Amino acid sequence: MAHWLLKTEPEVYGIDDLRREGLTDWDRVRNHQVKIFLRDAMARGDRCLIYHSNAEPTGVVGTAVVSGQAVPDATQFRKGDEAFEPRATRQAPVWWARPVRFESRFARCVELAELRKEPRLRGMAILKRGNRLSVTPVTAAEFACIEAMGGRARGG
DNA sequence: GCCAACGTTGGC
DNA sequence: GCCAACGTTGGC
């Protein structure tokens with residue numbers, strides 16, 4: 001089983017939106033490297049950290065689970081939507097999404113500054129200068145470390 | 001295929 | 001609001 005970190009802006013779609021919906025397609029990703037993660041690298045059952053960016057505070061706020069196969073990102077077919085992709089057809093989608101299911105909301109936000117201070121997290125992509133990928137792999141150890149820092153209560 | 005210009009991301 | 005990083009675009 002692999003582990004991932006999913007970045008999202010809470011003003012657009014945050015952990016509370018995910019908790020309310022329960023299940024959502026992780027979509028609107030417009031970066032080819034991340035597309036490959038979503039479409040090919042993820043597997044059902046993989047666990048994900050949910051990270052709030054452009055937020056106060058910024059940090060990891062909960063977890064989710066990959067709950068199915070990749071699907072064509074529906075937003076690419078919506079004319080007028082900022083996510084519209086004119087090159088895409090139903091037969092040959094350009095962008096892909098993944099269903100993810102809410103798992104937990106941490107007792108507290110594990111803030112970016114704390115992540116930076118933790119030696120066990122030194123290798124995380126999100127902490128590397130210039131990182132802009134909205135989905136990045138994390139190790140099982142990093143996942144467990146952050147989950148413990150967040151004081152996750154089972155059932156969230 | 002190169003690369004300058006431009007746009008976006010995202011922490012601060 | 002600033003600005004570093006970096007992806008994309010488009011002229012050549």
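This structure is a prediction, so every number in the text was calculated from the model and none was measured. Sequence lines set the chain letters: A, B, ... in the order given, protein chains first and strands last, and positions in each chain run from 1.
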Going through the checks in order, is the side-chain contact (heavy atoms from CB on, under 4.5 Å) test met by A:Asp27 and A:Trp95? CA-CA 8 Å; A:Asp27 59 11; A:Trp95 303 112; over 6 Å; no
Hey, what's the ring geometry for A:Trp26 with A:Tyr13, parallel, tilted or perpendicular (30° and 60° as the breaks)? perpendicular
Stepwise side chain to side chain donor-acceptor pair (under 3.5 Å) check, A:Arg28 with A:Thr8: CA-CA 11 Å; A:Arg28 297 183 177 269; A:Thr8 188; over 6 Å; no
Range on DNA chain B touched by chain A, heavy atoms, distance below 4.0 Å: B:dG7 to B:dC12
Find out if a path of hydrophobic residues (ILVMFWY) with successive side-chain heavy-atom gaps under 4.5 Å connects A:Val29 to A:Val94. no
Tell me what A:Thr58 touches on the nucleic acid: a base, only sugar-phosphate, or nothing, going by heavy atoms under 4.0 Å. sugar-phosphate
Just call it for A:Arg116: base, sugar-phosphate, or nothing, with non-hydrogen atoms closer than 4.0 Å on any strand. sugar-phosphate
With A:Glu118 via side chain to side chain donor-acceptor pair (under 3.5 Å) - residues at least two apart: A:Arg120
